[in-house]
Every structure is written in C-alpha cells, then in structure tokens.
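Remember, it's 1-based here, ligands and their atoms both numbered in the order they're listed.
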Amino acid sequence: PEPILQIKGLRTVFRVRAREIAAVNGIDLAVHPGETVALVGESGSGKSVTSLSVMRLLARKIGSIDAGSIRFRGKDGKVKDLVALSEEEMRHIRGNDIGMVFQEPMTSLNPVYTVGDQISESLRVHRGIGKRDALEAAVGLLEKVGIPDARRRARQYPHEMSGGMRQRVTIAMALACDPTLLIADEPTTALDVTIQAQILDLMQKLQRERSMGMLFVTHNLGVVAEIAHRVVVMYAGRIVETGAVAEVFRDPRHPYTMGLLKSMPRLGTATAMKRSGEKLPAIPGMVPSLAEMPAGCAFAPRCPFAIDACRTAVPELAAVNEGHGSRCIRWQEISA
Ligand code: ATP
Ligand code: MG
C-alpha cells in the first residue's frame, strides 16, 4: 500500500548566533497505514525536531526546513508535500488529518475550558458539527479512551484529573476527527510505569482499529519493542540505523544501536521501562554539540569499533538487508 507519510531528505536548521546548525540532517522515512514507526535516540538527537517539522510547528524565526519533502496522504486520499503548504492549509491538516499527542498533556489542554468543550471544539471547527452533537460525540470519545463516568468527566476541567486521565483526554482530542496519522512525542514519559503501560495498550488498540499510521517518538527501547513495527535510530540529526523492530533488536548493525540495546537489560517489560527511566549506565561519552560536529561519523568519538576511515567521511546508509540499513562502514564485521 501507499505510505501515509513519506519523508525524503529532510533537513531542518536552527539559527543560533548567526550560525546555522542542522538539527535534522537528511532524514528519509515512511509510515504506512496501520504501521507504527518509532523514532529513538538519546536526548538531542533530533527526534522532536523531526516530528515538529512534519507538523510544521517550528518557531519560524529560529528554525526552518531547509531541504527535503514531506509527502502526506490525507483523509481525502490526496498526497500533498507539507513543506510547500501555507500556514492556513497546515492548520486544516493539524488536528484533522494528523493527530498529535505530546509528553505533557497540559501543553495541549486549555486550563480554562472543560475537557468536553475542548474535544467538541475540534469537531466543530474541522467538521462543522453543532454544539450539542459535538458534546455528545466528545462523551463517546472519552468512553472510547477508557475514561469511566465519561458524561460527568466531560464537565470537568483538566486540573481536576490525574496525569493519566489527562493524557487519555489528549488522545481522545487527537483522534476526534479520525486522522490518518498520529504523531506522538514521548506520550507516556511523564507517567508512572503502570499508567504508561495502560496508555500504550490504548494507543495500540485504537491504532489497529483505525489502521492509522503512527510516528512514535521515544528514548525508551522497551516502549519500541512493545509497540513499533519499524524503528528509526537517530544520532546527532541523522539516521544511523533503521529496519523492522524484530530484526534490528536481534541483529543490530550499528554500534550506537548496540550500545542503546546493551543499556537496556530486559526488553518489553515494565522493569525495563522503569530502569531506563532511572538512567542506566549507558554509552560512555556524550552526544556531540551540533555546532562542533566531528568530521566523518558523528558517533566515532564514542565508538569502540572506530578506525581512521570513520573520521574522514560521513558514512552512507548501507543496505544490510531488505528494509534494514546501517550508517556504519564496518556493519559487516560487527555484530552484537
Ligand atoms: P529529547 O529526547 O531530549 O526530547 P530530541 O531527540 O527530541 O531530544 P530535539 O529536541 O529534536 O532532540 O533537538 C535536536 C537538536 O536541535 C538539539 O541539539 C537542540 O539543541 C536543537 N534545537 C532544538 N530546538 C531548538 C531551538 N529552538 N533553537 C536552537 N536549537 C534547537
Ligand atoms: Mg524530544
């Protein structure tokens, strides 16, 4: 099937003190209907900038898309390059064709409106549904995301709810208009482990029912194992490895992916999620500053396999297997 989202050569730059730095540097990725693609990598690797680029939510004065295309297929079946759309066209797509869920629910919720009003507002704006019907639909959506006593809850304000309940509300809001793509940036990171697992289950269930595409940003490989079909590993603004989750976890071919996997003791368990939240002794060294990138492979300074050739040119993404790529010149020699 045709992808819902196809990103090619995306480059997003920030202007910092008269200098341009590339926070995202030549990203290619695709999301198909019913597929979950996880973006992983340490803090600062460019995960959020990638998702903000797709939604065209970069603060215009400091950050902008510099190259590439973001082809997106909306509910009408038409494919558009989001990079070329006007702000007005994007406003229609956001919330309507693309749903968004962020780490902190209060960034998406307005404290002065009831949650019922906020969910129904989206339906009224994008779908032209009348007030009473929209409110009724909002109650239905709250039930759908597993909020008990939904009719009473719809009359509450966000601060009257727990963090987990609030995140359920933002999911209901994101899904209100039946988007074809859901972008979730660390949606469970702020929640405790039990609630986190419940929210992941819910998102997975809703995604399957609607065969939505999902772009899921996380730094947690336990979460990736749990929910994603494909994984895109980012380092310093570039994809270093990508492939089907099962294959990449079984046979990683980039030292950075190997390091991430090693820092995570047991896959897919609540313990693993909790542990990675506790900052395990991870890969030694630090992510380089984008303003002072080393020549060649950005991971070389931290890499146990690095040789001189790694420090001369940025490696190409080599084809390990069908759909599995690694940006390591030694991918054939190394294995976990
Ligand atoms: P985290 O796991 O911490 O959320 P991330 O992978 O989402 O990390 P991004 O937020 O995408 O990282 O940031 C990528 C890089 O872009 C970082 O080096 C960051 O300093 C830079 N960056 C992000 N936003 C801005 C901004 N508004 N101005 C300048 N640089 C920025
Ligand atoms: Mg982020």
Before signing off on this row, confirm whether Lys47 and ligand 1 have an N or O atom pair separated by under 3.5 Å.
yes
Under 3.5 Å, N or O to N or O, is Phe14 touching ligand 1 that way?
no
Could you walk me through whether Arg330 and Glu333 pass salt bridge (charged side-chain N to carboxylate O under 4.0 Å, His left out), step by step?
CA-CA 5 Å; Arg330 304 190 67 190; Glu333 305 161 59; 2.7 Å; yes
[X] heavy atoms, cut-off 4.0 Å: which ligand 1 atoms fall inside?
| X | result |
| --- | --- |
| Ser48 | 4 (O), 5 (P), 7 (O), 10 (O), 11 (O) |
| Ala23 | 15 (C), 16 (O) |
| Ser45 | 6 (O), 12 (O) |

Shortest non-hydrogen contact from Ala176 toward Ile119:
CB-CG2, 4.4 Å
Among Gly44, Gly237, Ser51, closest by heavy atom to atom 17 (C) of ligand 1 is Gly44
Looking only at non-hydrogen atoms, the one of Ser43, Gly46, Ala22 nearest atom 3 (O) of ligand 1 is Ser43
Given that the side chain starts at C-beta and the backbone is N, CA, C, O, which of these parts of His219 lies under 4.0 Å from ligand 1, counting heavy atoms, or is it both or neither?
neither
Can you tell me which portion of Leu290 lies within the under-4.0 Å heavy-atom range of ligand 1? Options are side chain, backbone, both, or neither.
side chain
Backbone N/O of Arg11 and side chain of Asn25: donor-acceptor pair under 3.5 Å:
no
Would you mind listing every salt bridge (charged side-chain N to carboxylate O under 4.0 Å, His left out) that reaches into residues 150-160, with sequence neighbours excluded?
Glu136-Arg151, Asp149-Arg152
Using the salt bridge (charged side-chain N to carboxylate O under 4.0 Å, His left out) rule, collect all pairs that involve residues 283-298, keeping only residues at least two apart or in two chains.
none
For a distance under 2.8 Å, tell me if Ser43 has an N/O/S atom near the Mg ion (ligand 2).
no
Between CD on residue Gln207 and CG on residue Leu182, distance to nearest 0.5 Å
8.0 Å
For ligand 1, is Gly41 a contact, meaning one of its heavy atoms is under 4.0 Å away?
no
Would you please classify the geometry between the Phe299 ring and the His254 ring as parallel, tilted or perpendicular, with 30° and 60° separating the classes?
tilted
With Arg91, the salt bridge (Lys or Arg N to Asp or Glu O under 4.0 Å) member among Glu88, Glu87, Glu89
Glu87
